[in-house]
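Residue numbers run from 1 in the order of the sequence given. Numbering of ligands and ligand atoms starts at 1, following listing order.
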Amino acid sequence: MNLTARDLEIAALGPCRFESPLGLSTVRGDGRGNFVTEERRIHLHAEKCLDAPGPEDDLLLEKTGPRRRIFFDPEAVTAAIVTCGGLCPGLNNVIRSLYLELTENYGVRKVLGIRNGYQGLVAANRLEPLLLSESVVEDIHKLGGTILGTSRGPQDPVAMVDFLEARGIDLVFCLGGDGTQRGAHDLFTEVNRRGLEAAVIGLPKTIDNDIPFVDRSFGYLTALEEAERVLRGAHVEARSAINGIALVKLMGRHAGFIAAGAALASGDVDFALIPEIEFPLYGEGSFLGALHRRIIEKGRAVVVVAEGAGQHHLADCEREHDASGNRGHADVGLFLKDEIAEHFRTENLPITLKYIDPSYVIRSVPANCADRLLCDQIARHGVHAAMAGKTDVLIGFCNGNLVHVPIGTVVRESKTLGVEDDRWVNVQLATGQPRWGATLHVE
Ligand code: F6P
């Protein structure tokens, strides 16, 4: 990231004209109190290197939280919530907490649930928004999925802003991953071009945990917990068979956070293959060579592969793009399954190979406790940001703090698991797998 302080400046609709109705304690002289002042900042980089302090050490992010003065008159506000992209545990929790914070605490009277992602913001699609109420949201936090429906892909920002204007929508909360946040930024740009007073707030959602400025996105820990359960079963299968190999494919298009996290949480994984690290298949130091040795030594192995891993072995395969513009993957799980079977057949070493693909199962469940807490926090802080008139802002999560990050900056960056990332180092140490492409040195 080559960032300057300017990249982290937050856009606002204008001066805050109203007193917050939250009734929290007023700010003391030291800037502290329940209300958060505009001057509060969080360091982007928590770690400092004393022998090489870089200029990036001074990068600061605006702290989220309730402001004493707000931009919008709550009683005159109409808010809208839209959920986009793939499912993720916690979507309904965020919808519910947004609704409750808006209505119970700020006194907003109208909250609309936009149907089927950005498609629901285009009038021509004739998707009437759902008017949210206490009875609609009452029990939704116990459910997986999204009560609003979702879809992938961008929509025309002009048509979407026409819809906002026609419905008198002042606040839009966009729940989604990188594609959704690109859409939110386009929405902001069009709102801004027309000079409208509407706030666009991004709430980061993905089980892949690959959104920049978000240490952990909601849904990730729940997905890990489910993946770990699958790995437990995979390990039992491998252990109970003669030369048992369990191959488990997990999601992770560009980033290996799920595969790496599940491998660490499980403690039973012998190989974790992720998109960030290319691995050789045959010969000295290769995946198949190391797997062969592991079977000889241990008589069993559990292999986890992220869906985006090993694509260099599948370069000739046909790919399509999904509606979000993501290049499709050739199925590395099925490919490896065949390669493993073929290798051991050729080597005349009988194995029992089980292939498990729980991809969608791990993301359709309700959020676990840790994710529920995070969902509630980011939703309420999203409302505080919107009511204060902040716009084009994503609720980020940096070094244990929720922060405001310009969506325009978020969508220019990317987040993957670095080979020197502590988590990846630990995966290598825990599995004992070859250190492909890694720079790890253990004395
Ligand atoms: O973006 C999250 C994710 O779970 C990715 O890991 C995966 O590639 C993608 O969604 C698949 O979603 P769908 O099949 O619904 O488009």
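Aromatic ring centres of Phe344 and His292 lie closer together than 6.0 Å.
Between Glu307, Arg363, His254, Lys205, it is Arg363 that holds the heavy atom closest to atom 11 (C) of ligand 1.
Salt bridge annotation for Arg67-Glu62: present, with a cationic side-chain nitrogen under 4.0 angstrom from a carboxylate oxygen.
No donor-acceptor pair closer than 3.5 Å links the side chain of Asp270 to the backbone N or O of Gln433.
Of all atoms in ligand 1, numbered sequentially from 1 with element shown, those under 4.0 Å from a heavy atom of Asp208 are 1 (O), 2 (C), 3 (C), 4 (O), 5 (C), 6 (O). Interface atoms of ligand 1 facing Gly252, defined by a heavy-atom separation under 4.0 Å, are 6 (O).
Side chain to side chain, Thr409 and Asp7 fail the donor-acceptor criterion of an N or O pair below 3.5 Å.
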